[in-house]
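See structure below.
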Amino acid sequence: MFTLIKTEGAARRGVLHTVHGDIQTPFFMNVATAAAIKGAVSCMDLRELKTRVALCNTYHLHLRPGSEIVYKMGGLHKFMNWDKPILTDSGGFQVFSLSKLRKIKEEGVYFASHIDGKRLFIGPEESMQIQSRLGSTIAMAFDECVENPAPEDYVRSSVERTTRWLARCKEEMARLNSLPETLNRDQLLFAINQGGTYDKIRIEHMKIIREMELDGYAVGGLAVGEPTEVMYHILDEVIPYAPVDKPRYLMGVGTPSNIIEGVYRGVDMFDCVMPSRNARHATIFTWRGILHATNERYKDDPRPMDTECDCPACRNFSRAYIRHLFKAGEQLAGRLAVIHNLYFYNTLMDRICEALDNGAFTEFRNKYSPLLAEKITDD
RNA sequence: GUGGGUAUGGCUUAGUAGGUUAAAGCGUCGGAUUGUGGUCCCGAAGAUCGUGGGUUCGAUUCCCACUACCCACC
């Protein structure tokens with residue numbers, strides 16, 4: 001299921017085997033919450049963007065169009081016309097992001113739909129059932145993502161509940177995978193480590209869930225308010241307790257630099273809205289640092305957004321044109337920027353894999369971890 | 001040529017019935033964005049209020065002239 005090829009310090013190079021194909025690790029998942037990449041980018045485009053895995057969301061797809069519809073349409077892969085792996089998030093993040101619209105109970109979470117206020121209940125079983133109907137490659141356990149900082153007492157009791165929910169998720173997923181009508185009976189289930197910024201709670205939790213034998217282990221509840229150094233510290237503390245023979249997934253992270261630092265600490269999988277969201281806001285990631293596409297100094301710049309990039313947007317369009325599209329409010333601006341940023345992230349993972357293959361990751365990290373976080377200097 | 005109108009940050013305008021740091025939008029620049037309730041959000045810089053004179057304790061505001069532009073008419 002997961003093959004570890006080689007390591008460099010804590011960093012790992014491996015392959016995750018799935019029914020939808022092998023995935024070289026470390027990798028970055030492209031976020032398509034509602035079965036679509038925001039910015040008018042479709043799965044036709046993703047094939048050109050070196051996307052390895054798409055990530056969709058249980059809560060959002062359950063509301064619209066509804067998991068029954070997706071099931072009827074043959075599952076998420078057919079629905080969005082994507083035959084490579086898909087990971088579905090469980091709805092646990094919406095417990096955090098929609099905190100004003102939900103109530104947590106032992107049995108699960110009562111939401112008021114952010115669309116029309118309609119009440120809906122998602123507990124561990126419901127989340128598994130929805131994800132099973134979606135037929136994703138990897139399902140995530142239903143958890144509570146707690147904001148940072150949060151009181152230690154609350155975090156502790158929340159984590160204990162998340163552990164109880166994990167047991168229910170695992171049992172329900174096993175039941176669903178045994179049913180003949182289930183779309184993907186090889187659906188994998190990943191556990192999620194929580195514990196806020198308290199390393200003791202984090203470690204205790206990881207020790208408990210590693211004994212529960214899930215297909216992969218995620219670290220959740222990071223990059224939700226705490227300083228970056230705290231996130232790195234938590235990873236330093238908790239990753240050593242994750243199983244060596246299972247993939248590790250740092251949820252919702254992050255900047256190119258965060259990803260390099262995550263790999264350095266032994267993480268294999270990432271996802272983040274940052275490449276797409278920032279692109280829509282005209283912030284472009286390049287191999288020479290961050291570029292603000294609307295800056296006036298690009299008004300007559302014939303160079304591509306990233307001079308070291310061969311993505312479809314950089315092969316075809318100048319900074320002057322992209323800037324014009326943004327200033328004119330053309331949707332094409334966001335689309336081309338998203339295409340570039342996703343390609344950049346996916347290429348970043350290619351280069352991280354390549355560096356690990358060559359035993360050159362440390363060198364890679366030393367150069368790019370700081371560089372990619374800075375503003376571009378190529379004038 | 002005649003009559004009328006307008007001149008306020010890069011742009012489009014508000015405003016002061018004369019009174020301490022002239023307002024807004026856009027633009028510019030910066031920050032933010034991390035398992036997507038974000039065509040968004042926050043901030044900064046930037047104006048001797050067309051030029052010259054006059055009235056006044058005090059003028060961006062009132063008066064005169066000039067200049068530029070706009071409209072109408074010849």
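Keep in mind that what you see is a predicted model, and the values were worked out from it rather than measured. Here is the naming used below: chain letters follow the sequence lines, and residue numbers restart at 1 for every chain.
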Could you tell me whether K100(A) contacts a base, only the sugar-phosphate backbone, or nothing, with contacts defined as non-hydrogen atoms closer than 4.0 Å? nothing

Answer yes or no: is there a donor N or O on one side and an acceptor on the other, between the side chain of H60(A) and the main chain of A34(A), under 3.5 Å? no

Distance check, P atoms only: A44(B) and G25(B), in whole angstrom units. 12 Å

Does R185(A) use its side chain to pair, donor to acceptor, with the backbone of N177(A) at less than 3.5 Å? yes

Ion pair present between E171(A) and R168(A), side-chain N to carboxylate O less than 4.0 angstrom? no

Separation between the C1' atoms of G1(B) and G27(B), rounded to whole Å: 41 Å

A44(B) - base-pair partner by Watson-Crick or wobble geometry, distances under 3.5 Å: U28(B)

Check every strand shown and say whether N57(A) touches a base, only sugar-phosphate, or nothing at a heavy-atom separation below 4.0 Å. sugar-phosphate

Indicate, with a heavy-atom threshold strictly under 4.0 Å, whether Q194(A) touches base, sugar-phosphate, or nothing. base

Between A7(B) and C64(B), how far apart are the P atoms? Round to whole Å, please. 16 Å

Just call it for N295(A): base, sugar-phosphate, or nothing, with non-hydrogen atoms closer than 4.0 Å on any strand. sugar-phosphate

D268(A) and side chain to side chain donor-acceptor pair (under 3.5 Å): which partner among R13(A), R12(A), K246(A), Q24(A)? R12(A)

Describe the nucleic acid contact of K375(A) in one word from base, sugar-phosphate, nothing, applying a heavy-atom distance below 4.0 Å. sugar-phosphate

Whole-angstrom distance between C63(B) and A72(B), as gauged at atom C1': 26 Å

Could you tell me whether R335(A) contacts a base, only the sugar-phosphate backbone, or nothing, with contacts defined as non-hydrogen atoms closer than 4.0 Å? nothing

Which base, if any, makes a Watson-Crick or G-U wobble pair with A72(B), both distances under 3.5 Å? U2(B)

Using a cut-off of 4.0 Å on non-hydrogen atoms, how would the nucleic acid contact of S276(A) be classed: base, sugar-phosphate, or nothing? base

Across the strands shown, which category fits N278(A) at heavy-atom distances under 4.0 angstrom: base, sugar-phosphate, nothing? base

So what does I115(A) hit on the nucleic acid, given a heavy-atom distance under 4.0 Å: a base, only sugar-phosphate, or nothing? nothing

So L101(A), base contact, sugar-phosphate only, or nothing? Heavy-atom distance under 4.0 Å. base

Contact class for H292(A) (heavy atom, under 4.0 Å): base, sugar-phosphate, or nothing? sugar-phosphate

If you look at every strand shown and take non-hydrogen atoms under 4.0 Å, does G334(A) touch a base, only sugar-phosphate, or nothing? nothing

In whole angstrom, give me the gap between the P atoms of U61(B) and C71(B). 27 Å

What integer number of Å spans the C1' atoms of U16(B) and A59(B)? 11 Å

Pick base, sugar-phosphate or nothing for Q94(A), based on heavy-atom distances below 4.0 Å to the nucleic acid. sugar-phosphate

Please state the C1' separation for the pair G19(B) and A45(B) - nearest whole angstrom. 28 Å

Integer angstrom distance from the C1' of U67(B) to that of A22(B): 25 Å

Test: R265(A) cationic atom under 6.0 Å from Y232(A) six-membered ring centre, within 45° of axis: yes

My understanding is that a pair needs two contacts under 3.5 Å, Watson-Crick or G-U wobble. By that rule, which nucleotide pairs with A65(B)? U51(B)

So, T182(A) side chain and L176(A) main chain: donor-acceptor pair closer than 3.5 Å or not? yes

Has R365(A) got a side-chain atom pairing as donor or acceptor with E261(A)'s backbone, closer than 3.5 angstrom? no

Watson-Crick or G-U counterpart of G58(B), or none if no pair lies under 3.5 Å: none

Between H77(A) and K84(A) (side chain of the first, backbone of the second, donor and acceptor by atom type, cut-off under 3.5 Å), is there such a pair? yes

Main-chain N/O of N57(A) paired to T33(A) side chain as donor or acceptor, under 3.5 Å: no

First and last nt of RNA chain B near chain A, cut-off under 4.0 Å to heavy atoms, 5' to 3', are G27(B) to C40(B)

